[in-house]
Amino acid sequence: MPNHRRESLMAKETITNKWKTGDRPRVVVFGASGVGKTSIIHQFFYNRFPSEHLPTIEEMHNHTYDVSGSKIPINVLDTSGYYEFPAMRQLAIKTADAFVLVYSIDDADTFQRVSDLRDCIVELRCKEEQDMVPIVVVGNKCDLEESREVPKNITESVVTIDWENGFVEASAKDRINIWQIFTTALNQADICHALIKAEERRRKSLPIQSNYSKSNNALDQKRHSCNIQ
């Protein structure tokens, strides 16, 4: 008979080994200065919009996802929008499990910066890996539609079809699609799916109890969800 418990433990070990940071996946946020990287992260973690722009050098945040009842801690790295730290940028690229590349819809130059950053990520990572690098491109400040310089339809087509990456338009100021950014990033990295499969194998290895049916119904409702706590 197959040993489901052992298979579950091996699956979780494989997933952990897949993450470059070891015990938790790391999402790195890149983009030009002033596009709203820090504001997006602060809305995600702290439900607030910073009142003033302070340049970031590098800052790590952590958060916990609930995946089918399993608490999944992740790291989110906020990076500098300037070019002065190439060594830090290369280290961040090599140690990330997924990337969020942010531009501002009212500044076409910031999308060009995203394109350059993506080229750098693909160049550094594709030398070592055959799989596609998990990347989500985010058009921030969608609340500034009247000032738009980057057309949504064309950009989304380029990102999703030509680049084969995820795409989200968001507003850090109005808290629009903030959660979608990070769930898309984790799904691009296949982290949620892999953990759900491992959790399903673990549950199959548990002994059957008389009151299992009620709890099993509740678990089934969450089994295919990736919810943020």
Side-chain angles (χ1 to χ4, degrees), residues 26-46 48-61 75-126 133-160 162-182 184-185 188-189:
R26 174 179 292 183
V27 179
V28 174
V29 183
F30 282 126
S33 177
V35 296
K37 301 184 300 296
T38 300
S39 297
I40 288 172
I41 294 171
H42 278 228
Q43 281 284 28
F44 179 60
F45 285 106
Y46 316 116
R48 61 181 175 84
F49 182 77
S51 58
E52 58 180 324
H53 173 248
L54 298 175
T56 302
I57 296 179
E58 192 171 274
E59 186 174 5
M60 183 71 75
H61 303 260
N75 290 329
V76 176
L77 181 66
D78 188 7
T79 64
S80 172
Y82 299 98
Y83 288 98
E84 285 86 349
F85 310 101
M88 294 173 68
R89 184 172 65 247
Q90 287 195 11
L91 180 61
I93 291 173
K94 291 180 178 180
T95 58
D97 297 289
F99 298 91
V100 173
L101 307 183
V102 184
Y103 69 93
S104 178
I105 70 161
D106 65 341
D107 187 344
D109 289 340
T110 62
F111 181 74
Q112 181 59 51
R113 176 69 186 277
V114 160
S115 179
D116 294 341
L117 283 166
R118 181 189 176 276
D119 289 344
C120 182
I121 291 168
V122 170
E123 181 180 359
L124 284 174
R125 293 290 291 269
C126 285
V133 182
I135 297 173
V136 179
V137 175
V138 177
N140 190 34
K141 305 185 183 181
C142 68
D143 53 292
L144 301 179
E145 183 62 38
E146 68 283 357
S147 303
R148 179 185 288 273
E149 292 186 4
V150 185
K152 180 179 179 180
N153 291 341
I154 297 175
T155 305
E156 184 173 13
S157 177
V158 168
V159 172
T160 60
D162 297 342
W163 295 356
E164 298 183 0
N165 297 143
F167 176 80
V168 179
E169 279 207 347
S171 170
K173 181 180 179 181
D174 293 341
R175 196 172 170 76
I176 298 172
N177 292 337
I178 299 300
W179 288 4
Q180 185 180 346
I181 293 169
F182 293 94
T184 302
Q188 284 274 319

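A quick note: this is a predicted structure, and the numbers were derived from the prediction, not measured. Index from 1, following the sequence.
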Side-chain (Glu59) to main-chain (Asp78) donor-acceptor, under 3.5 angstrom: no

Set of residues satisfying salt bridge (charged side-chain N to carboxylate O under 4.0 Å, His left out) with respect to Arg148, sequence neighbours excluded: Glu145, Glu169

side-chain contact (heavy atoms from CB on, under 4.5 Å) assessment of Ile135 paired with Val137: CA-CA 7 Å; Ile135 297 173; Val137 175; 4.3 Å; yes

Donor-acceptor pair between Ser104 and Asn140 side chains, under 3.5 angstrom: no

Parallel, tilted or perpendicular, as decided by the 30° and 60° cut-offs, for the rings of Phe111 and Tyr103: perpendicular

Thr79-Arg89 side chain donor-acceptor pair, cut-off 3.5 Å: no

Nearest non-hydrogen partners of Ala32 and Thr110, listed with the distance: CB-CG2, 4.1 Å

Gln43 backbone acceptor or donor facing Arg175 side chain under 3.5 Å: yes

Salt bridge (charged side-chain N to carboxylate O under 4.0 Å, His left out) partners of Glu156, counting only residues at least two apart: none

Which atom of Val136 lies closest to which atom of Phe167, heavy atoms considered: CG1-N, 4.4 Å

Distance-minimising heavy-atom pair for Phe49 and Ala172: CD1-O, 3.5 Å

Minimum-distance pair of heavy atoms, taken over all atoms of Val150 and Asp107: CG2-O, 4.0 Å

Where Arg26 and Thr95 come nearest, the two heavy atoms and their spacing: NH1-OG1, 3.2 Å

Non-hydrogen atoms of Ile40 and Ile178 that approach each other most closely: O-CG2, 3.8 Å

CD1-CG distance between Ile93 and Leu117, expressed to the nearest 0.5 angstrom: 7.0 Å

Short side-chain to backbone donor-acceptor contact, Arg118 and Trp163, under 3.5 Å: yes

Whether His42 and His61 hold their rings parallel, tilted or perpendicular, with breakpoints at 30° and 60°: perpendicular

Backbone of Gln180 reached by a side-chain donor or acceptor of Thr184 within 3.5 Å: yes

Side chain Asp174, main chain Ile176, donor-acceptor under 3.5 Å: no

Ser171 versus Asp143, side-chain donor and acceptor atoms under 3.5 Å: yes

Heavy-atom side-chain proximity of Asp97 to Val27 below 4.5 angstrom: no

Worked verdict on Asn165 versus Thr160 for side-chain contact (heavy atoms from CB on, under 4.5 Å): CA-CA 5 Å; Asn165 297 143; Thr160 60; over 6 Å; no

Side-chain donor/acceptor of Lys141 to backbone N/O of Ile105, under 3.5 Å: no

